[in-house]
Colleague: 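The structure's right below; bear with me while I get my questions together.
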Amino acid sequence: MSASPLIQSVDWAAVAPPLIVAAAGLVVLVAELFLPEPRKPLLGWVSVGGLVLAGLSLIPLLDGDRTTFCLTAGGKDCSYVADHFTLAVQFLVIGGALLTALLSIHAVEEARMPAGEFWFLLLSSAAGAALLPASRDLATLVVALEVTSLPAFALVGLRRGDRLSSEAALKFFLSSVTATAVMLLGVSFVYAATGSLHLGAISRGLDHVDPRLVTLAHIGAVLTLVGFAFKLAAVPFHFWVPDTYVGAPLPVAAYLSVVGKAAGFSGLIVITVLGFGPYAHVWGATLAVLAALTMTAGNVAALRQRPANAHSAVRLLAWSSVGQAGYLLVPLAAAGYDDKPQEVIGATIAYALMYAAVNLGAFAVAALVGRAHPANRITDYRALFSERPLAALSLGFFLLCLAGLPPGVIGLFAKVAVFRTAVDAGLGWLAVVMAVNVVVALYYYLQWTALLFARREPVEAAGAAGAAGGSAAGGPVPAASADATGAVAALPVPIPLTAAIVTALGLGVVLSGAPELVLRFATGTLF
Amino acid sequence: MNDTAMQALLVAIVLLPAAGSAAALLPAPPGLRGRGPDQAVLRHGITVSGLVLLLSIVLAAGFDHDRPASMQATTDISWIPALDIRIHLGVDGISLPLLVLTALLTFLCALYTYFRMPEGPGPRAFVALLLLLEFGMVGTFVALDLILFFLAFEVVLIPMYFLIARWGGEGREPAAFRFILFTLLGSAVMLLGLLLIGLRAGTFDMVELAARHGDGLSHGVQVLAVLAIGLGLAVKAPMWPFHSWLPDAHTAAPTVGSVLLAGVLLKMGTYGFVRILLPMAPDGMRTLAPYLAAFAVVGILYGSLACLSLVRPGAAGDLKRLIAYSSIGHMGFVLLGIATLTATGVNGALFANIAHGLITGLLFFLVGAVKERYGTANLDQFAKGTGAALYGNAPRLGGLLAFGAVASLGLPGLAGFWGEMLALFGAFDPGAGLSRPTYLVFMSLAGLGTVLTAAYLLLVVRRVCMGQHPAPAAAVEFADVQAHEFAAWSPLVVLTVLGGLWPAALLSLSDPAVHNLLGGPR
């Protein structure tokens with residue numbers, strides 16, 4: 001590469017979103033050294049501010065035509081592209097990180113987690129996730145993926161002195177590192193076969209690989225995909241999920257389930273659709289099988305959760321997120337069978353945006369309930385409606401969105417959009433598997449939702465007269481059972497947590513009224 | 001009336017309940033506070049549902065009766081271009097009667113609730129849920145886009161779930177959960193069928209799809225679609241053997257919930273058969289119609305036999321449960337009429353739909369009143385098994401109950417007669433391609449069902465209305481029909497008589513539309 005002008009001009013505005021997030025992380029890390037202990041909560045607000053700023057920096061890029069770090073010779077391949085796909089995913093990542101931050105502000109204080117480290121790690125990981133969709137060469141992709149993952153290990157293990165937390169971090173770390181190693185091997189094979197790291201060049205190069213290297217190129221492509229399959233927690237790389245989610249601080253679990261997944265997906269989309277286009281026949285079929293296995297495994301495991309077991313709520317959300325990852329994979333698999341793969345994957349983006357809002361919302365309510373019931377069993381949610389009507393209504397709405405039932409209209413339509421890609425691609429069997437899974441999932445989502453509005457058993461026996469007296473069933477409760485019944489209602493709710501729930505709820509409701517806001521991604525190309 | 005006004009009317013009918021439901025949750029504005037928040041919100045329910053009823057009567061008056069086969073008062077705007085889903089609303093001769101029935105029953109329920117709020121949490125949520133329910137029911141009957149239809153079909157589940165689970169009687173939570181689980185699983189399968197039709201045909205527009213009469217959909221696709229959609233609708237209707245949620249739901253539901261469940265919700269299932277399956281997948285229907293008819297006949301016999309066993313002395317049969325089982329039988333007639341694939345049979349089915357809505361609505365009101373007075377609906381607990389002696393204790397109530405029972409058994413001259421007779425007529429001469437001998441067997445079995453129906457309903461009258469008077473030990477004095485009860489019930493009584501004496505009013509509306517849907521020459 002002969003760089004004719006030695007110094008390239010960088011389009012700073014285009015790279016602003018990940019850059020601002022990363023800069024905010026550094027600011028927090030340094031500021032922590034100088035802040036006295038009582039002022040530590042400020043760090044959280046600085047992080048929130050940084051994320052808001054990063055979100056605002058997306059606005060000037062809305063045309064979706066900015067590129068930077070381009071090759072000056074050869075093709076016109078760029079390493080960083082801010083097209084509509086990038087912007088949509090960056091919006092998701094930054095928004096998701098923002099909601100996570102709102103969830104974390106009180107959690108950091110209460111769990112006595114080291115504030116500076118927590119916020120630094122969170123922002124670093126988010127910066128990596130924001131960089132990922134914009135990367136257009138394998139080196140940047142791998143670096144971005146590692147920047148996303150490495151801080152996440154530390155975040156999972158941040159609850160000091162908690163055996164579960166450390167164990168979860170170790171599990172997460174070991175399986176992730178294995179996946180990374182495999183992926184790097186794949187990347188090097190691909191590089192060897194095509195002679196380039198830029199996805200555009202790889203795509204062109206794969207068409208005329210030296211016949212002796214074809215096998216190498218195939219293996220390289222598959223191994224690269226394995227690395228991403230791990231980040232998505234696709235079967236068979238999903239075993240770390242439930243333990244990690246339960247062991248991690250709750251906001252971190254929420255973060256992993258949304259932003260971590262979004263990062264994995266955007267990487268997978270970029271690499272398959274833009275890089276490995278000529279090998280669509282290989283990864284299309286592989287992803288279809290992965291999608292079917294992932295959704296089935298996730299839903300079956302979620303179905304088997306016992307509501308009375310400790311941490312069953314988080315475990316259920318963890319397994320359901322595995323199942324949801326399966327749905328997210330469907331358009332990707334369909335893209336492998338389509339002549340215009342770039343137009344199909346929009347359904348994944350639409351689905352991911354819906355999923356991000358409602359899943360974070362569900363975790364936010366779980367965090368709220370978890371304050372009163374540290375074990376966070378599903379049975380702890382019984383009669384939540386009588387104690388905190390808004391929280392119960394929100395959680396009910398989020399769960400119905402995840403299930404895809406009205407009034408969670410957006411969940412339904414996102415599923416329809418995903419389903420349509422499978423049908424259009426001729427993947428009838430995958431469509432059937434998905435349909436069966438959606439039906440199976442109805443059961444556990446509904447059971448939980450119904451529990452929210454059920455009556456509290458002891459109250460029913462003791463106060464049949466009292467229940468008729470007023471809608472505020474929390475009122476006339478004998479003092480003996482007060483700590484059991486009014487536990488959630490008794491604790492004040494931190495404002496940031498409320499803000500997170502209300503934001504997620506608002507997004508869900510607006511999207512349900514106007515699904516076109518995200519579903520327009522499902523038609524036309526984003527690149 | 002011009003088109004714009006009609007369009008605005010229909011949109012208002014759909015949106016008013018939704019807006020009213022949200023408004024019910026807010027505090028009453030000054031000037032409308034009434035005697036307290038409870039009374040204000042109950043009055044709000046009457047106002048909104050009354051307004052909806054008024055508007056729907058105006059709509060029915062403005063409806064062009066010369067061309068009931070075409071969609072009128074249509075609205076058609078794009079909602080989600082990405083999936084080609086439109087907000088397409090309209091009414092024709094098939095949906096208009098159901099729309100008016102829905103508005104009427106909801107209004108009567110709101111009126112009844114004003115005077116007799118069921119036990120449970122306060123009335124604010126009750127009224128909001130009632131209006132939300134109306135929104136879903138009205139939406140189902142006017143939606144002309146498959147996905148919109150599905151959405152409206154699902155909207156009713158949540159309010160009905162809460163009406164049963166929060167204001168119901170014994171065993172309400174399991175009953176409510178079973179209700180929602182059954183119908184949801186059914187409708188999930190139904191959605192797949194709707195998507196199959198929509199994606200294969202390239203449009204979700206019901207008018208467009210109906211006009212094509214299945215063109216462009218292969219026989220296999222049509223059979224699959226009928227199976228999937230039919231399953232969802234059959235659970236809702238309910239068709240034997242998917243009925244098992246219904247008796248529990250009815251037994252546990254409050255009076256108002258039962259009235260709307262039997263009066264309107266069940267009709268949504270049969271309406272779907274007529275509106276979606278008959279015109280859009282005619283080949284599939286032809287293949288599966290004999291099976292549908294067979295299930296329908298089993299439902300007729302099963303429903304009446306179950307009622308006969310409940311009415312036996314010593315069976316401790318619950319009166320509400322009995323009416324619920326009788327609904328399974330009556331809906332069997334409706335399904336049989338549809339399964340004949342003839343204009344006669346389908347007209348009969350639509351007529352029976354309306355008649356069942358009126359009569360069973362009335363019966364559930366009456367049984368609710370009996371239960372309120374005796375504190376039980378258990379047939380064996382009425383006056384120690386000799387009979388409840390309603391004729392003696394409350395003659396008007398007893399008379400009304402007897403009226404409801406004979407209307408339900410299909411006495412000629414009352415609304416229950418025509419629908420079932422037309423359905424049997426249809427089975428006597430089934431549509432092209434259907435085996436006549438098979439349908440003749442179905443017809444005779446269904447005829448046997450009418451005899452059994454008559455038997456158990458007369459036994460019910462015998463056990464509830466007659467008996468030793470005054471009942472020796474429990475000589476309870478209780479009130480006869482109250483003014484508010486009279487107000488809520490008399491429209492149903494009048495319409496039942498009217499439907500029996502002047503069936504042409506309804507049939508002239510539905511007949512052209514049915515011919516249009518079936519695609520045959522008039």
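Model, not experiment: these values are computed from the prediction. Chain letters run A, B, ... following the sequence lines, proteins first and then strands; every chain starts at 1.
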Colleague: What part of A:L442 gets closer than 4.5 Å to chain B, counting heavy atoms only: side chain, backbone, both or neither?
Modeller: side chain

Colleague: What part of A:F419 is in contact with chain B, defined as an atom under 4.5 angstrom from a non-hydrogen atom: side chain, backbone, both or neither?
Modeller: side chain

Colleague: Tell me if a side-chain donor or acceptor on A:E516 pairs with a main-chain N or O of B:A82 at a distance below 3.5 Å.
Modeller: yes

Colleague: Is atom CZ of A:F91 surrounded by more than 12 heavy atoms (other residues, nucleotides or ligands) closer than 6.0 Å?
Modeller: no

Colleague: Does any backbone or side-chain atom of B:L196 lie under 4.5 Å from a heavy atom of chain A? Answer side chain, backbone, both or neither.
Modeller: neither

Colleague: Heavy-atom pairs under 4.5 Å with chain B - which of A:L519, A:V432, A:V438 has more of them than the others?
Modeller: A:L519

Colleague: Does any heavy atom of chain A fall under 4.5 Å from the side chain of B:L184, the backbone, both, or neither of them?
Modeller: both

Colleague: Measuring from atom CG of B:L195 to atom NZ of A:K415, what distance do you get when rounded to the nearest 0.5 angstrom?
Modeller: 12.5 Å

Colleague: Using non-hydrogen atoms and a 4.5 Å limit, figure out which bit of A:L412 sits close to chain B: side chain, backbone, both or neither.
Modeller: side chain

Colleague: Can you confirm whether A:L400 sits close enough to B:I158 that some side-chain heavy atom of one is under 4.5 Å from a side-chain heavy atom of the other?
Modeller: yes

Colleague: Below 4.5 Å from any heavy atom of chain B, which atoms of A:R520 appear? Answer side chain, backbone, both or neither.
Modeller: backbone

Colleague: Do B:W79 and A:P515 come within less than 4.5 Å of each other through their side chains, counting heavy atoms only?
Modeller: yes

Colleague: Heavy atoms only, distances under 4.5 angstrom: which of A:G404, A:P406, A:A350 has the most pairs with chain B? Name it, please.
Modeller: A:P406

Colleague: Measuring heavy-atom distances to chain A, does B:R166 have an atom under 4.5 Å in its side chain, in its backbone, in both, or in neither?
Modeller: both

Colleague: Under 4.5 Å heavy-atom distance to chain A, tell me which part of B:I85 shows up: side chain, backbone, both or neither.
Modeller: side chain

Colleague: Can you tell if the side chain of A:V416 reaches within under 4.5 Å of the side chain of B:F150, non-hydrogen atoms only?
Modeller: no

Colleague: Given a strict heavy-atom distance threshold of 4.5 Å, which part of B:L199 is in contact with chain A: side chain, backbone, both, or neither?
Modeller: side chain

Colleague: At a 4.5 Å cut-off on heavy atoms, which part of B:I80 comes close to chain A: side chain, backbone, both, or neither?
Modeller: both

Colleague: Which atoms of A:V423 are under 4.5 Å from chain B, going by heavy atoms: the side chain, the backbone, both sets, or neither?
Modeller: side chain

Colleague: Quick check on the interface: out of B:P81, B:A165, B:A188, who has the most heavy-atom pairs with chain A under 4.5 Å?
Modeller: B:P81

Colleague: Is it the case that atom CZ in B:R200 sees more than 12 heavy atoms from other parts of the structure closer than 6.0 Å?
Modeller: no

